[in-house]
Amino acid sequence: MSEQVKHTLNPNNWVGAHSDYLFNYTITRVDNEELAKDIVQETFFSGLKAQHNFRGQASERTWLISILKRKIIDHYRKINSTKGKAEIKVNFYEDGDRKGSWLEERVPKMWDNEAEKNIENDELKNALNSCIDNLPEKYRMVFVMKNVQHYETEEICNELGITASNLWVIIHRARHQLRKCLEGNWFAK
Amino acid sequence: MSNKFFINCDEATAICNKNQYKEATLWEKIRLMMHLLICKKCGMYSKQNTTLTKACDKHLHKCEKEYKFSEKEKEVLQKKVTEKMK
């Protein structure tokens with residue numbers, strides 16, 4: 001007979017034992033320190049409320065992580081549903097005969113040849129990062145998870161509670177916005 | 001996305017973006033190539049998009065920094081948790 005270890009919860013020691021781990025887990029998903037700290041705190045509070053559901057099969061940390069994952073999805077759902085229609089600029093005609101064609105003012109302009117060849121430039125790094133910072137949060141989170149943290153598409157979808165087609169629409173819009181932003185701030189002729 | 005052979009610029013750039021992560025399907029890539037043959041604007045987009053990808057690969061890196069709550073923050077947080085236990 002295999003003896004299973006029965007795990008227990010010890011909230012008096014949660015912060016010391018898990019807060020930094022949960023913080024690091026959260027930051028790679030939400031990309032914002034203050035927000036990550038808030039989410040960790042919320043996780044502990046929810047954990048307290050749900051203590052009676054703990055069956056002792058998983059470790060305390062695994063159990064807290066499962067609550068944390070829920071919190072991240074809730075957060076993403078919240079920012080995903082906020083009606084900020086001015087959030088990101090439209091690039092194409094949305095209806096009529098020309099539906100799906102470039103809007104005049106959004107057509108890519110010729111870039112400076114030298115700048116385009118010189119992508120090693122460190123100042124480009126700053127320009128790129130500030131363009132990413134300017135993305136609305138729901139786009140920034142997905143873009144960062146994909147391009148900085150290199151999460152798999154499926155993983156991002158699971159962690160944020162979105163479908164793959166949602167994800168590609170978000171990436172599509174984020175990249176349009178970044179291209180345009182860099183065109184203005186870096187590659188302009 | 002529809003299954004038609006000729007796609008518009010919105011659809012073409014969407015495939016182009018997906019393709020930056022090597023996740024476009026063969027059928028998507030074929031339609032993108034067809035579109036790029038006839039559309040200079042999207043051709044420009046596609047070229048610049050490749051540059052954007054290169055810039056991202058070059059300049060964006062996972063931060064290996066260890067994030068930590070300060071001792072003070074931990075103390076406050078544990079106090080809050082303990083409070084709530086009562």
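Bear in mind the structure is a predicted one, so any value in this text is a computation, not a measurement.
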[X] portion near chain B, given a 4.5 angstrom heavy-atom threshold:
X	result
A:E33	side chain
A:V107	side chain
A:N91	neither
A:K49	neither
A:V169	neither
A:F143	side chain
A:N121	backbone

Counting only heavy atoms from other residues, nucleotides and ligands, does the tally under 6.0 Å from [atom1] of [X] exceed 12?
X	atom1	value
A:N10	CG	yes
A:E155	CD	yes
A:E105	CD	yes
A:E152	CD	no

Aromatic ring pairing A:F23/B:Y67, orientation class (parallel under 30°, perpendicular over 60°, tilted between):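 Ring orientation, 0 to 90° scale: perpendicular.
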
I need the residue from [options] with the largest number of non-hydrogen atom pairs under 4.5 Å to chain A.
options	answer
B:E66, B:K47, B:K80, B:H61	B:K80
B:E71, B:E75, B:K54, B:K58	B:K58
B:K74, B:K68, B:Q48, B:K65	B:Q48
B:D57, B:T82, B:V81	B:V81

Residues A:R179, B:T51; criterion side-chain hydrogen bond (donor to acceptor under 3.5 Å, both in side chains); working and verdict: CA-CA 9 Å; A:R179 191 208 65 82; B:T51 305; over 6 Å; no

Pair A:F92-B:N8, side chain to side chain contact (heavy atoms under 4.5 Å, CB included): steps then yes or no: CA-CA 10 Å; A:F92 304 96; B:N8 63 36; over 6 Å; no

To the nearest 0.5 Å, what is the distance between [atom1] ([X]) and [atom2] ([Y])?
X	Y	atom1	atom2	result
A:W186	B:L52	CH2	CG	14.0 Å
A:Y151	B:K62	OH	NZ	7.0 Å
B:N17	A:W168	CG	CH2	8.5 Å
B:Q78	A:W14	CD	CH2	9.5 Å
A:W102	B:C42	CH2	SG	5.5 Å

Heavy-atom closest contact (A:R175 atom, B:T53 atom, distance):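 Answer, listing the atom of A:R175 first, then B:T53: NH2-OG1, 2.6 Å.
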
Out of curiosity, does [Y] fall in the hydrophobic cluster containing [X] (side-chain heavy atoms, cut-off under 4.5 Å, transitive links)?
X	Y	result
B:F6	A:Y93	no
A:I73	A:Y139	no
B:L37	B:I30	yes
A:L124	A:V148	yes
A:L9	A:F45	yes

Sidechain-backbone polar pair: A:H172 side chain, B:E11 backbone, donor-acceptor under 3.5 Å: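 A pair under 3.5 Å: no.
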
Member of A:I119, A:L128, A:I132 meeting the side-chain contact (heavy atoms from CB on, under 4.5 Å) criterion with B:C56: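 Going through the options one by one, the only one that passes is A:L128.
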
A:H176 and B:Y45: CA distance, side-chain angles, deciding distance, side chain to side chain contact (heavy atoms under 4.5 Å, CB included) verdict: CA-CA 9 Å; A:H176 265 285; B:Y45 181 87; 3.3 Å; yes

Residue among A:Q51, A:K99, A:R98, A:E116 with most heavy-atom pairs under 4.5 Å to chain B: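 Most heavy-atom pairs within the cutoff with chain B belong to A:E116.
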
Residue pair A:N147 / B:Y21, side-chain donor-acceptor N/O under 3.5 Å: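 Yes, a side-chain donor-acceptor pair sits under 3.5 Å.
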
B:K18 and A:I171: CA distance, side-chain angles, deciding distance, side chain to side chain contact (heavy atoms under 4.5 Å, CB included) verdict: CA-CA 8 Å; B:K18 201 172 169 188; A:I171 291 280; over 6 Å; no

Close side-chain approach of B:F69 and A:V40, heavy atoms under 4.5 Å: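 B:F69 reaches A:V40 side chain to side chain.
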
